[in-house]
Amino acid sequence: MSNYYVTTSLPYVNGEPHLGHAMEFVMGDVLARYARQRGDTVIFSTGTDEHGGKIAEKAAELKITPKELADQMEAQFRKLAEILAISNDRFIRTTDHGHEQRAQLIWQALKKDIYKGKYSGWYCTGDEAFFTEAEVKANNGVCPNHNRPYEKVQEENYFFKLSKYTIPIRKSIESGDLAVIPATKRNEILNILKDGLEDISISRPKEKISWGVPVPGDSKQVMYVWFEALMNYITVIGYPEQKEFKLFWPAAIQIVGKDIARFHAAIWPGMLLGLGLALPRKLYIHGFINVDGKKMSKSLGNYVSPDEIINKYGPDAFRYYFLRHIPSYNDGDFSWQHFEAAYNNELADELGNAVQRTVAMIQRYQDGIIGDIPPAKHDIAQYEQAIEDCHFDRALDEVWEQVRGLNQYIDEEKPWEIAKQDDADHLREVLAYQTGALLEIAGLLAPFLPATAAKIQAVFKDGLVHPLEETLFPKHDTKPAKS
RNA sequence: GGCGGCGUAGCUCAGUUGGUUAGAGCACAGGACUCAUAAGCCUGGGGUCAGUGGUUCAAGUCCACUCGCCGCUACCA
């Protein structure tokens, strides 16, 4: 029994929820549910990142305020979490007053590592961003996104002395105090750290970007959105004074996508060290999801929304595919063909049908009475280790070993023959075993497919069969969906 | 340019510290059965383990080089 704090990264609200967001929600949910099942006290936090120039710009285009835009988008992410049955305890918005106030406290606490400096670089007003010398040269001095020349801009910004934390961060990662998984990502991070981190700009002039948290004591500057957004992981549990913060920090694990690994493996630890706080115990970095082998994009015409899949196949099928068939340590691919194959073969035919045939036999041969159910005991060490390592795909492989094993058992025992031989005791024994095995599977499945697990448990409740109104995973016609 | 990874059956991938006939799932083919969502079970075909050369009694597994992919990172002129 211990306290377990897990976070996802906060989606930036400049775009609609996509498959990657959904997958990250689901991964966090598995860890949270698993920890709760084990008896831990859990805080699982997710939310939305809402400040910054891009949001302000997009809102202006839509002729609404940044906050109105953020409200709209936040609602979408919240809804996605809901329909996926994500069991988050918190949903933080970086525009929450509590976050903004605590962000300012953090700034002040980091004051000793903050200094004012000049930042100069090539700027594109269209992108509201700076570009490197190399990029500018590569494009012959003209921004390809907006077809306008880059401007040489000098800004006065606040800087954070990230450089001084290079060595302690590196040591933490090398020692495993901050475990970065998978190992390939860990190596990449260490490679970055090897050369030393540079101090980073952490504010923007308010005249350029006003949609942000004000820098304490300087009305002309707002915090750079990244710097401020990272703080959510501690503001949401009440840094610095709340009891919860003291009980739950450091986080057991933080989940992020590979595009923002650097922020979480370098800048965020630097901030924490500056605050004198412990680093999270684990950082899990997942990959990207392609569609039909290509990067998903609306312009390529291969865009698939989470809703589209969930509406057709349900949340558990969605969870299943993205946990088992998107490699936990790599980029993965979604295709309707593969999804439907997984759904029909594995969920409907193997798991769903195993439940169905067991139910049918108990009803037919024993009037729905199961009797004593011996608890099945398989070795689940591999399963547990896989979850510990965020190897969600392997954990489900382990569960499916049992599903297959059960189907084999049924075919070997042939309960229908035992029934013909009128050996009631033996028959009862076999069917009770099947039930026990299914209940064990349901237990293992619970963090991954919560609704399915609950249904299986309900079917065999109290030694009696309570037939499902609808099969677990009804088969679908395998007509390829129009995308 | 630096660091790292990958290239194994049609497809997606496992292959521990080098050691008997190289594995799984999907797909494909055949078979026996009938409790079940025409599901499940059994059997089988199919690979010069990218290439070349080496170390070794023995290499998919170690070394060198070549070819082809990819990631991170730096940046010349």
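So that the names make sense, note that chain A is the first sequence line, chain B the second, and so on, each numbered from 1.
Atom CG of A:N345 is separated from atom P of B:C41 by 11 Å (rounded to the nearest Å). Between the CD1 atom of A:I285 and the P atom of B:G71 there is a distance of 16 Å, rounded to whole Å. Between the OH atom of A:Y321 and the P atom of B:U12 there is a distance of 12 Å, given to the nearest Å. Look at CD on A:E413: it is 19 Å from P on B:C33, rounded to the nearest Å. B:G25 atom P lies 17 Å from atom CG of A:D393, rounded to whole Å. Straight-line distance from the CD atom of A:E188 to the P atom of B:G2: 17 Å, rounded to whole Å. If you take CZ of A:F339 and C1' of B:C11, they are 19 Å apart, rounded to a whole angstrom. Taking atom CZ on A:F334 and atom P on B:U12, their separation rounds to 17 Å, with Å as the unit.
Summary of the strand contacts: A:E412 and A:R262 both lie near RNA chain B, and taking for each the nucleotide with the nearest heavy atom, the more 5' one is attributed to A:E412. If you find the closest nucleotide of RNA chain B to A:K194 and to A:R394, the one lying nearer the 5' end belongs to A:K194.
Comparing B:G60 with B:A77, their P atoms sit 47 Å apart, to the nearest whole Å. Between the C1' atoms of B:C49 and B:G7, the separation comes to 10 Å (whole Å). For the P atoms, the distance linking B:A24 with B:A9 amounts to 14 Å, nearest Å. Here, B:C70 and B:A59 have their C1' atoms 26 Å apart, quoted to the whole Å. Remark: the separation of the C1' atoms in B:A14 and B:G23 is 7 Å, to the nearest Å. The C1' atoms of B:G46 and B:G54 are separated by 32 Å, rounded to the nearest whole Å. B:C69 and B:A64 have their P atoms separated by 22 Å, with the value rounded to a whole Å. Distance check on atom C1': B:U8 versus B:G68 gives 16 Å, rounded to whole Å.
If you check the side chains of A:D307 and A:S305, you find no donor sitting under 3.5 Å from an acceptor.
Partners of A:R394 according to the side-chain hydrogen bond (donor to acceptor under 3.5 Å, both in side chains) rule, which considers only residues two or more places apart in sequence or in another chain, do not exist here. Not counting sequence neighbours, the partners of A:F159 by the ring pair (Phe, Tyr, Trp, His ring centres under 6.0 Å) test are A:Y115. For A:D331, the salt bridge (Lys or Arg N to Asp or Glu O under 4.0 Å) partners are A:K258, not counting sequence neighbours. With sequence neighbours left out, the side-chain hydrogen bond (donor to acceptor under 3.5 Å, both in side chains) criterion links A:R281 to no other residue.
Residues A:F227 and A:L110 are in side-chain contact: their nearest non-hydrogen atoms beyond the backbone lie under 4.5 Å apart. For the pair A:S9 and A:I260, the minimum side-chain heavy-atom distance is below 4.5 Å.
Within the nucleic acid shown, A:I189 has no heavy atom closer than 4.0 Å to any nucleic acid atom. Residue contacts for A:N191: at a heavy-atom cut-off of 4.0 Å it reaches a base atom on one of the strands shown. A:Q408 comes within contact range of the sugar-phosphate backbone alone, with a heavy-atom separation under 4.0 Å but no base atom that close. Base engagement by A:F473 is indicated by at least one non-hydrogen atom pair under 4.0 Å involving a base atom. In this structure, A:A348 reaches the bases: a heavy-atom distance under 4.0 Å links it to at least one base atom across the strands shown. Here A:T184 lies out of heavy-atom contact (under 4.0 Å) with every strand.
Between A:R357 and the phosphate of B:G40, there is no side-chain N or O to OP1/OP2 separation shorter than 4.0 Å. Here A:R186 does not reach the OP1 or OP2 of B:G4: none of its side-chain N or O atoms lies under 4.0 Å away. Within the structure, every side-chain polar atom (N or O) of A:K414 is placed at least 4.0 Å from both OP1 and OP2 of B:C35.
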Exercise for review: Give the dot-bracket string for RNA chain B, reading 5' to 3', where a pair is Watson-Crick or G-U wobble with both distances under 3.5 Å, ( ) marks pairs inside the strand, [ ] marks pairs crossing earlier ones, | marks a partner on another strand, and . marks unpaired.
Suggested key: (((((((..((((.....[...)))).((((.........)))).....(((((..]....))))))))))))....

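With B:U34, B:U37, B:U73 as the candidates, the nucleotide lying closest to the side chain of A:L472 is B:U37. Distances from the side chain of A:R404 to the nucleotides B:U34, B:A36, B:G25 place B:G25 closest. Nearest to the side-chain atoms of A:Q356 among the listed nucleotides B:U73, B:G71, B:A36 stands B:A36.
A:Y320 and A:H325 have their aromatic ring centers within a separation under 6.0 angstrom.
A side chain to side chain donor-acceptor pair (under 3.5 Å) check over residues 434-458 of chain A, counting only residues at least two apart or in different chains, returns the pairs A:D316-A:T452, A:T358-A:Q434, A:H378-A:E440.
Interface remark: the A:N353 side chain does not form any donor-acceptor pair with the B:G40 base, using a distance-only criterion of under 3.5 Å. On a pure distance criterion of 3.5 Å, no polar donor-acceptor pair joins the side chain of A:D349 and the base of B:A39.
We find that A:D411 and A:R357 are joined by a salt bridge, their nearest charged nitrogen and carboxylate oxygen being less than 4.0 Å apart.
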